[in-house]
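Hydrogens, waters and symmetry mates play no part in the numbers below; they use all other heavy atoms, side chains included. In what follows, every chain begins at residue 1, and chains take the letters A, B, ... in the order their sequences are listed.
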Amino acid sequence: MENNLFERILAIIKQIPKGKVATYGQVATIAGIQNPRLVGFALASQKEDTDVPWFRVINSKGEISFPAESDGFKIQYSLLINEGIIFDAKNRINLKQFSWSEVDG
DNA sequence: GGCTTGACTTACA
DNA sequence: CTGTAAGCCAAGC
């Protein structure tokens, strides 16, 4: 078990199964931290060639945390669609259906 | 060591 | 649903 929160966060995100997503709060809680921003902060530190499926991490609203005009949004959107995630007219997904449970894995 | 910022969340009005 | 406020951890200056 890594002592660094960053590596712990990344390790958890890497455990997210394909076709599912986790919220920042979800990952933060599993990581044992009380600050969901650290999750996004850790992901922001990653590179494009990272092994971490950062695109499977979204906010509690079930939507991508990037502006729809941003490239990051398009990339994450495309990657999620590629895994079977469905977005609604508001660019949001059904958390009830796609949310990840660590025990469900 | 202190202040500011950040891919956030929850609560209240 | 929209707007405001507090909480929390790490990095950068």
Side-chain angles (χ1 to χ4, degrees):
Chain A
M1 198 58 174
E2 296 78 7
N3 292 329
N4 295 334
L5 290 176
F6 270 43
E7 294 190 5
R8 208 156 62 196
I9 292 167
L10 298 177
I12 291 164
I13 294 171
K14 283 190 286 190
Q15 293 174 49
I16 301 174
K18 178 181 176 183
K20 299 229 174 170
V21 299
T23 67
Y24 291 91
Q26 178 75 53
V27 176
T29 300
I30 297 169
I33 61 178
Q34 269 57 334
N35 192 351
R37 304 202 276 194
L38 271 298
V39 179
F41 201 83
L43 293 179
S45 179
Q46 294 305 301
K47 305 176 194 173
E48 294 180 354
D49 61 358
T50 184
D51 293 335
V52 180
W54 56 271
F55 53 88
R56 293 186 189 146
V57 184
I58 57 175
N59 58 24
S60 64
K61 293 179 297 188
E63 185 174 3
I64 296 173
S65 299
F66 284 107
E69 302 295 332
S70 179
D71 291 342
F73 178 93
K74 298 175 186 173
I75 296 170
Q76 184 168 8
Y77 183 90
S78 180
L79 288 168
L80 291 175
I81 290 290
N82 190 29
E83 294 197 350
I85 307 298
I86 306 301
F87 287 80
D88 64 6
K90 292 188 174 73
N91 290 333
R92 295 194 304 186
I93 71 173
N94 188 345
L95 290 176
K96 295 293 186 183
Q97 181 176 359
F98 297 111
S99 63
W100 171 54
S101 298
E102 61 175 330
V103 294
D104 184 50

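- A 3.5 Å limit on both hydrogen-bonding distances identifies no Watson-Crick or G-U partner for B:dG1.
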* Dump the intermediate steps for side chain to side chain contact (heavy atoms under 4.5 Å, CB included) on A:E48 and A:I75, then the final yes or no. => CA-CA 11 Å; A:E48 294 180 354; A:I75 296 170; over 6 Å; no
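- Atom pair A:K61:NZ and C:dG3:C1' shows a separation of 13 Å (rounding to whole Å applied).
- At B:dT9, one or more side-chain N or O atoms of A:S60 fall inside 4.0 Å of OP1 or OP2 (strictly under the cut-off).
- Base-pair partner of C:dC8: not found among the strands shown (Watson-Crick or G-U wobble, both distances under 3.5 Å).
- For the side-chain contact (heavy atoms from CB on, under 4.5 Å) with A:F98, the lone residue among A:L80, A:I58, A:V21 that qualifies is A:V21.
- Distance CG (A:N35) to P (C:dA6): 16 Å, rounded to an integer number of Å.
- Listed for the A:E63 side chain is no donor-acceptor partner under 3.5 Å among the backbone atoms of A:R92.
- Atom CD in A:E7 sits about 11 Å away from atom P in C:dA11, given to the nearest Å.
- Picking from B:dT9, C:dC8, C:dC1 the nucleotide with the shortest atom distance to the side chain of A:Q34 gives C:dC8.
- Results of the side-chain contact (heavy atoms from CB on, under 4.5 Å) test with A:V52 over A:I12, A:L43, A:V57 single out A:L43 as the only residue that passes.
- Regarding contacts with the backbone of C:dA10, every side-chain N or O of A:R8 stays at 4.0 angstrom or more from both OP1 and OP2.
- Separating the OH atom of A:Y24 from the C1' atom of C:dG7 is a distance of 18 Å, rounded to the nearest angstrom.
- Note on ring orientation: taking the six-membered ring where Trp is involved, the planes of A:W54 and A:F66 are perpendicular (angle over 60°, cut-offs 30° and 60°).
- Put simply, CD1 on A:I75 is 13 Å from C1' on B:dA7, counting in whole angstrom units.
- Checking C:dA11, B:dA7, B:dG6 against every side-chain atom of A:F6, the shortest atom distance belongs to C:dA11.
- B:dT10 atom P lies 10 Å from atom CD of A:Q26, rounded to whole Å.
- A:L38 comes within contact range of at least one nucleobase, with a heavy-atom separation under 4.0 Å.
- Between the CD1 atom of A:I64 and the C1' atom of B:dA7 there is a distance of 11 Å, given to the nearest Å.
- Counting to the nearest Å, the P atom of C:dA11 and the CD1 atom of A:I9 are 10 Å from each other.
- Summary of the strand contacts: A:F41 and A:R37 both lie near DNA chain C, and taking for each the nucleotide with the nearest heavy atom, the more 5' one is attributed to A:R37.
- Residue contacts shown for A:R56 are absent, as no nucleic acid heavy atom lies under 4.0 Å away.
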